[in-house]
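Below is one structure, written out as structure tokens, with a few remarks after it.
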Amino acid sequence: MKHSKTGLFLIELILGILFFALTSAICIQIFVKANTFNNESIQKDHAMRIASYIIEISKSQQLPKEDILYFDHLGNTTHKEQSDYIATITKDKNMMHIDVSYHQESIYSLDYYLYQQRMW
């Protein structure tokens with residue numbers, strides 16, 4: 001009886017293609033997850049810079065009277081309709097709480113304690 005080797009070759013080929021398809025699907029998932037982490041990191045970095053900007057403005061006593069400030073995707077102040085980031089400022093006697101949201105989701109908050117230097 002003669003056996004054909006083409007059947008064995010086809011099975012090997014199908015298994016090879018299946019292996020590469022499975023590993024490529026796993027790699028694509030890893031790349032998508034990495035892209036998601038990168039975007040979240042960029043958003044948090046912008047939010048941190050916005051909170052730092054608000055603190056620096058408050059140090060110079062030029063903080064606007066509003067308790068809500070709006071920023072675009074680059075961190076520049078803008079109108080409510082064009083904003084990506086919303087900074088909510090809550091002031092107390094000795095503390096300022098800044099909460100930065102990206103599209104209505106809070107991503108960064110910061111408490112800043114206001115200390116006054118005593119002059120003797």
Side-chain angles (χ1 to χ4, degrees):
M1 234 188 205
K2 256 186 171 176
H3 291 289
S4 174
K5 293 186 180 184
T6 57
L8 185 61
F9 174 73
L10 283 176
I11 291 174
E12 283 183 37
L13 185 64
I14 290 172
L15 287 176
I17 292 172
L18 182 66
F19 173 75
F20 284 117
L22 183 64
T23 55
S24 65
I26 292 171
C27 288
I28 289 173
Q29 286 180 345
I30 290 171
F31 285 128
V32 168
K33 184 73 84 171
N35 188 33
T36 303
F37 284 148
N38 183 41
N39 290 339
E40 289 175 2
S41 175
I42 289 170
Q43 293 167 3
K44 287 182 182 180
D45 181 58
H46 283 304
M48 183 186 67
R49 289 175 190 253
I50 288 169
S52 298
Y53 170 74
I54 292 170
I55 288 173
E56 291 300 321
I57 287 178
S58 71
K59 285 180 182 178
S60 67
Q61 304 297 330
Q62 296 176 357
L63 190 65
K65 301 289 186 213
E66 301 92 23
D67 291 334
I68 298 175
L69 299 174
Y70 302 99
F71 297 89
D72 62 6
H73 67 283
L74 298 175
N76 302 320
T77 56
T78 186
H79 300 290
K80 181 178 181 178
E81 297 81 25
Q82 300 167 343
S83 67
D84 290 321
Y85 295 92
I86 300 172
T88 306
I89 305 165
T90 308
K91 297 175 213 166
D92 196 4
K93 184 178 180 183
N94 294 326
M95 188 181 84
M96 180 170 54
H97 178 76
I98 302 167
D99 186 50
V100 182
S101 302
Y102 181 76
H103 294 294
Q104 287 77 33
E105 180 184 344
S106 179
I107 59 172
Y108 188 77
S109 65
L110 179 67
D111 290 328
Y112 177 67
Y113 295 95
L114 307 168
Y115 294 108
Q116 302 259 338
Q117 184 176 2
R118 284 189 169 175
M119 302 294 258
W120 296 98

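Count residues from 1 along the sequence.
- Of all heavy-atom pairs between Ile57 and Ser60, the closest is O-OG, 2.9 Å.
- Separation of atoms CZ (Phe9) and CD1 (Ile14) is listed at 10.5 Å; rounding is to 0.5 Å.
- Going from atom NZ of Lys91 over to atom CG of Asp67 covers 5.5 Å, rounded to the nearest 0.5 Å.
- Note that CG of Asn38 is 10.0 Å distant from CD of Gln43, once rounded to the nearest 0.5 Å.
- The two residues Ser101 and Ser106 make their nearest non-hydrogen contact at OG-CA, 3.7 Å.
- Cluster annotation: Ile86 is not connected to Met96 through the hydrophobic network of ILVMFWY side chains, with a link wherever side-chain heavy atoms come within less than 4.5 Å.
- Using a 30° and 60° split on the angle between ring planes, Tyr53 and Phe71 fall in the perpendicular class, above 60°.
- In the hydrophobic clustering of ILVMFWY residues, with side-chain heavy atoms under 4.5 Å counting as a link, Ile68 and Ile54 come out apart.
- Among all heavy-atom pairs drawn from Ala21 and Ser24, the shortest one is O-OG, 2.9 Å.
- Thr90 is not listed as a side-chain neighbour of Met95, based on a closest heavy-atom distance of 4.5 Å or more.
- How far CG of Leu22 is from CD1 of Ile17: 13.5 Å, rounded to the nearest 0.5 Å.
- Among all heavy-atom pairs drawn from Ser83 and Thr78, the shortest one is CA-CG2, 3.8 Å.
- Here Leu8 contributes atom CG and Leu13 contributes atom CG; the two are 11.5 Å apart, rounded to the nearest 0.5 Å.
- Dense packing is recorded around NE2 of His103, with more than 12 heavy atoms of other residues, nucleotides or ligands lying under 6.0 Å away.
- Looking only at side-chain heavy atoms (C-beta outward), Asp84 and Tyr102 come within less than 4.5 Å of each other.
- Looking at Ile55 and Ile98, their side chains come closer than 4.5 Å, going by heavy atoms from C-beta outward.
- Cluster membership for Leu69 and Ile107, using ILVMFWY side-chain heavy atoms within less than 4.5 angstrom, is shared.
- With Ser52 contributing its side chain and Met48 its backbone, the two residues share a donor-acceptor pair below 3.5 Å.
- Between Tyr113 atom OH and Asp92 atom CG the span is 10.0 Å, to the nearest 0.5 Å.
- No continuous path of ILVMFWY side-chain contacts below 4.5 Å connects Tyr70 to Ile89, so the two sit in separate hydrophobic clusters.
- Hydrophobic clustering places Tyr112 together with Tyr108 (ILVMFWY residues linked when any side-chain heavy atoms are closer than 4.5 Å, directly or through intermediates).
- When the options Ile28, Ile30, Thr23 are evaluated for a side-chain contact (heavy atoms from CB on, under 4.5 Å) with Ile26, the one that passes is Ile30.
- Residues Asp72 and Gln82 fail the side-chain proximity criterion, which asks for heavy atoms closer than 4.5 Å.
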